[in-house]
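Below, chains carry the letters A, B, ... as their sequence lines are ordered, and counting in each starts from 1.
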Protein chains: 2
Amino acid sequence: MSISDRQLEERKMRQDRILSGALEVFKSKGLEKATMDEIASESGFGKATLYYYFHSKEEVFAAILENGWETLWTSLEPVISGNEGPRQTFVNVLLKIAENAKNRPGLFEFLFNAPKLMQFESQPWKKYQHRMYGTIQGLLEDGIREGEFPKLDSQLLFKAMGGLFMGLVLMGDRKEPVSARDVEELINQLITDPTKAE
Amino acid sequence: MSISDRQLEERKMRQDRILSGALEVFKSKGLEKATMDEIASESGFGKATLYYYFHSKEEVFAAILENGWETLWTSLEPVISGNEGPRQTFVNVLLKIAENAKNRPGLFEFLFNAPKLMQFESQPWKKYQHRMYGTIQGLLEDGIREGEFPKLDSQLLFKAMGGLFMGLVLMGDRKEPVSARDVEELINQLITDPTKAE
DNA sequence: TTAAATTTCGACTGATCGTTCGAATAGTTT
DNA sequence: AAACTATTCGAACGATCAGTCGAAATTTAA
């Protein structure tokens, strides 16, 4: 007989345990300064055992990103295929991302910032990243076309709104995370909505 | 006799040459992956010579940040002490930063992003950073009080506007940097100005 | 129970790289 | 020119650490 379901499941649990130990270390040290020894002791395995589950430190790192992006994207899909207007859908997407960020503190700083300086061979998480960015860009374009956003270059608007959101969710002290209410209020008060001009 | 002015000046020029070589390397490799050998060959000195001018790799890095922040802050001072309203002054500050970023491409990504994961002993550039953030926060508070921005929590507005600006200036392809015109137009069209509500 | 497969791990290795050494060269002063 | 100072640098050192090895422990299958 081959390998049992339970075995596969347990193996996956061990991988996840390694991954979450690794995330802690990466968060505090960054990719380069994090050592496999530290990841090992943080996750409760011997160093060599890590190499039984992953080929390299980079692979561990990549697995964290891949997992994170996939989870994020999956949670976003229903929001995106909802049938509200572009502007509201856009806000809903932000709210959902903020919710994710709240549930897994620290991970999202990674998802968005980590891959800057990194030329691994394959970056499978980029698939999700591009999908997400594409979707958001599309929402903004639709919103502009329908007059729910000011008539601006959509690339520019994308950068601005992307940055704004990063600033809200990922900046400053982690102690007081930004609430969903804050995000929604802020966008609606701050960002001109031509359809609501009095 | 002691050391001549010219000698001091030449020494400073050599330090600057090292710093700008180092910036190139740090930009493409990051702090950890950048090697002193590469910085040496990039700046045209032998490796040991670097240590004649700086005590360590970290000191080189810190000198880049310190220089950059000081230059930035100095260029900001006249803008800040101008006597336009808070909102316009805020826009002017952003424009000035964008101008700086354009003149020294790549440096500003550093100034704002690099010090995240870094616990050096002394971080003298933080002085400028705090001054700048404090000033901007003050402008936003004044702007809110005078009704030039929506009535929002100023911390939140600060994060949002900070992020927005980072997104504009530091995100995406470096090839097509955001122009001053873009920044100004975007802020004025995008960010609600209650005094101009029709 | 015994054989086979899976999982674990401490000790070792090899490469990388920050930093130091000591000596050579260039420049300045007397 | 001689004495002194400032500058340069390749070679060597030593610490760190990713990744490997081979054997032990544990689990599963027969």
Just the rounded figure in Å: distance from [atom2] of [N] to [atom1] of [X].
| X | N | atom1 | atom2 | value |
| --- | --- | --- | --- | --- |
| A:Gln15 | C:dT8 | CD | C1' | 15 Å |
| B:Leu8 | D:dA6 | CG | P | 11 Å |
| A:Asp37 | C:dG10 | CG | C1' | 10 Å |
| B:Met13 | D:dT7 | CE | P | 15 Å |
| A:Met36 | C:dG10 | CE | P | 15 Å |
| B:Glu10 | D:dT5 | CD | C1' | 15 Å |
| B:Tyr51 | C:dG18 | OH | C1' | 4 Å |
| B:Glu9 | D:dA6 | CD | P | 18 Å |

Min side-chain heavy-atom separation [X]-[Y] under 4.5 Å:
| X | Y | answer |
| --- | --- | --- |
| A:Leu72 | A:Phe108 | yes |
| A:Phe26 | A:Ile39 | yes |
| B:Asp16 | B:Leu19 | yes |

[N], OP1 or OP2 - any side-chain N/O from [X] closer than 4.0 Å?
| X | N | result |
| --- | --- | --- |
| B:Arg6 | C:dT28 | yes |
| B:Tyr53 | D:dT8 | yes |
| A:Thr49 | C:dC9 | yes |
| B:Tyr52 | D:dT7 | yes |
| B:Arg14 | D:dA6 | no |

Task: Residue met sooner reading DNA chain D from 5', once B:Arg11 and A:Ala48 are mapped to nucleotides - done: B:Arg11

Open item on the list: I'd like to know if B:Lys47 reaches the base of C:dG18 with its side chain, counting only an N/O donor and acceptor under 3.5 Å.
Closed with: yes

Open item on the list: Using 30° and 60° as the class boundaries, would you call the ring planes of B:Phe110 and B:Phe61 parallel, tilted or perpendicular?
Closed with: tilted

Open item on the list: Need to verify one output field. Residue with the more 5' nearest nucleotide on DNA chain C, B:Lys57 or A:Gly46?
Closed with: A:Gly46

Open item on the list: I'd like to know if B:Glu99 and B:Lys102 make a salt bridge, using a cut-off of under 4.0 Å between side-chain N and carboxylate O.
Closed with: no

